[in-house]
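Below: one structure, written as structure tokens.
Just so it is clear: chains get the letters A, B, ... in the order the sequence lines come, proteins before strands, and each one is counted from 1.
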Amino acid sequence: MTARKRYWLMKSEPDDFSIDDLKRVGTEPWTGVRNYQARNFMKAMQVGDGVLFYHSNAEVPGIYGIAEVACTAYPDPSQFDRKSKYFDEKSNPEQPRWELVDVKYVRHLKHGISLNQIREHAEQLGEDFALIRKGTRLSVLPVSAAQWKLLLSLEGRNE
DNA sequence: GCCAACGTTGGC
DNA sequence: GCCAACGTTGGC
């Protein structure tokens, strides 16, 4: 029994790791998530789930590419690396606190979908869409099949 | 368990 | 660079 494909949105600062970087490396461990809710979403991911690649802290924040989940969650090695900025002294290998998934490049969007554009469709996306819900700063969040479809229908409309 | 202080996120 | 909003920490 295979779980039905699900969809997610994952944020990254392009100065740190962009969709171009993902294309170059192919597959990348999504390291550094230190928020329990975001971690729980990663633990729920299945191989092949769709990912919207979002650029935060960008000149024009928005969705710039598509990726997919390449493996199920496993402990984030950086939490045990004293030299890493993601080191967490309260975690230990017997009971790792933080997990991550690998994310695989699928494609760039023909045209990015800006946060402003996304906001224009807030009503259709619904109030539960965490990306534009007031005060929500989740870096990994679920997207419904309907939201996925609607968002991708905006691709290429922003000339 | 409360809450002030602090750190982080992320749009602008 | 600013700052609002939120999460976490730690004293009590």
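Note: CG (Leu138(A)) to P (dT8(C)) measures 11 Å, nearest angstrom. Atom-to-atom, CG of Asp88(A) to P of dG7(B) comes out at 16 Å; the value is rounded to the nearest Å. Across the protein-nucleic acid pair, Asn35(A) atom CG and dT9(B) atom C1' stand 10 Å apart, rounded to whole Å. Atom P of nucleotide dT8(C) and atom CZ of Arg97(A) are separated by 9 Å, given to the nearest angstrom. Atom NZ in Lys11(A) sits about 11 Å away from atom P in dT9(B), given to the nearest Å. Rounded to an integer number of Å, the gap from CH2 of Trp98(A) to P of dG7(C) is 13 Å. The distance from atom CG of Asn57(A) to atom P of dC3(C) is 16 Å, rounded to the nearest whole Å. Whole-Å rounding puts the Asp16(A) CG to dT9(B) P distance at 10 Å.
Two residues, Lys90(A) and Thr136(A), neighbour DNA chain C, and the one matched to the more 5' nucleotide by heavy-atom proximity is Thr136(A).
One finds no salt bridge joining Lys5(A) and Asp49(A) here, because no Lys/Arg side-chain nitrogen approaches an Asp/Glu carboxylate oxygen to under 4.0 Å.
For Tyr74(A) and Trp98(A), the ring centers sit 6.0 Å or farther from each other.
Between dT8(C) and Arg137(A), no contact under 4.0 Å exists linking OP1 or OP2 to a side-chain N or O. For the pair Tyr54(A) and dG11(B), the criterion of a side-chain N or O lying under 4.0 Å from OP1 or OP2 is met. Here Lys85(A) does not reach the OP1 or OP2 of dG7(B): none of its side-chain N or O atoms lies under 4.0 Å away.
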Practice problem: List the steps and the verdict of ring-ring contact (aromatic ring centres under 6.0 Å, His included) for Tyr86(A) and Trp30(A). | Solution: CA-CA 12 Å; Tyr86(A) 299 122; Trp30(A) 204 263; over 10 Å; no

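Side-chain contact of Asp81(A) with Ser78(A): a donor-acceptor pair under 3.5 Å is absent, judged by distance alone.
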